[in-house]
Amino acid sequence: MPAGGTGRGWRSLAAAAVALALLSGCDGPQSALDPAGVEAERLAQLFWWMVGVAAVIWLIVIGLAVYATRINAEGAFPAKPTRNLIIGAGTLIPTVVLGGLLGYGLYLMPRLTEAEASYQIAVSGEQWWWRVRYRLPDGGWVESANEIRLPVGVRTEFLLTSPDVIHSFWIPSLAGKLDMVPGRTNRFTVEPTATGTYRGACAEYCGTAHALMAFPVVVMEPEAFEQWLQQLARPAQPPADELAAAGKRLFLANGCGACHVIRGTRADGELGPALTHVGSRLSLAAGTLPATPENFARWIARPKAIKPGALMPGFGMLAEEDIAAMAHYLEGLE
Ligand code: CUA
């Protein structure tokens, strides 16, 4: 049956091509199957072991099913071996296989939470953005938002919480996900193994803008990270030009400082994201827009058009050049 054989061959080839295409979609900045951290590597290992064992069991079961359809069942199954097969393959093997996988999973698990860490980052899931505080060498904390930077090859402990609803903190390339639960602090450690820019996201439905609650994660060399952290702890730099100075005046005059802090100015609000160094961040509105001057202006004018549910009021009633000046000021806060 050459025709049927060829058809099957093509089908196998097509299936292999589809599988390869699917797997090649598993790399990139937000993939648990393309790990760039010690914890994510362990999780990927567990995943592949489970897939492998499941595939072997599936092949055996399908093989037996095909075999069963092709034999003459009349007298083919004597009572005693059949009973042994049912007891062995039906209870013993699943118990051993599942017990083994459970043991392996438990063996990996404590390592995710019990290791010593060199740095601490406290992240609070807000509606719908991330409050990020870094522990400084002197024991104090400095606040930022919507972006996380980490040193490569160093263990960092995350302290996760939320003031109101449950979120889930997840950087698939670096580690597993962990819920942020109001009233408690959940902890886990992350040790990146490769520098680069990754993407984290909220992995628990938390309200209207849940799907627009992401954040870039930048993994840096330890020295570069130290320098960056020192810069983060400094107050905002003064406006570099006339337009930025006008933007700063407008920012303060329009009450933005009631919700946002810009350290070194009168703006000391705590409701919204800290903006002291907002110009150095890669994204706006929690991973929703790239941080370009145009997008700063768009966001200030109509935040709810970009992110339905955003709690920030729009300032579209201001003159376009005033909004442009504010955008220019904020974008310059490196
Ligand atoms: Cu926060 Cu979903």
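Whatever order the structure lists ligands and atoms in, that order sets their numbers, starting from 1. Note: hydrogens, waters and symmetry copies are ignored here, and every other heavy atom, side chains too, is used. Because the structure is a prediction, the values reported are computed rather than measured. Residue indices begin at 1 and follow the sequence shown.
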Item checked: Residues, nucleotides or ligands: over 12 heavy atoms within 6.0 Å of W228 CH2 -> yes
Item checked: Ionic contact status for E157 with R155, cut-off 4.0 Å -> no
Next item on the list: Give the total of protein N/O/S atoms at a distance below 2.8 Å from atom 1 (Cu) of ligand 1.
Entry: 4
Margin query: One pair to check against side chain to side chain contact (heavy atoms under 4.5 Å, CB included): V261 and R263. What are the steps and the verdict?
Written below: CA-CA 6 Å; V261 62; R263 278 179 292 112; 4.0 Å; yes
Margin query: Going by side chain to side chain contact (heavy atoms under 4.5 Å, CB included), name the residues that satisfy it together with S280, two or more places apart in sequence or in a different chain.
Written below: H277
Notebook entry, point to check: If every non-hydrogen atom of A297 is compared with every non-hydrogen atom of A327, which pair is closest and at what distance?
Noted result: N-CB, 3.7 Å
Item checked: E191/T189 under side-chain hydrogen bond (donor to acceptor under 3.5 Å, both in side chains): CA gap, chis, key distance, verdict -> CA-CA 7 Å; E191 185 180 334; T189 60; over 6 Å; no
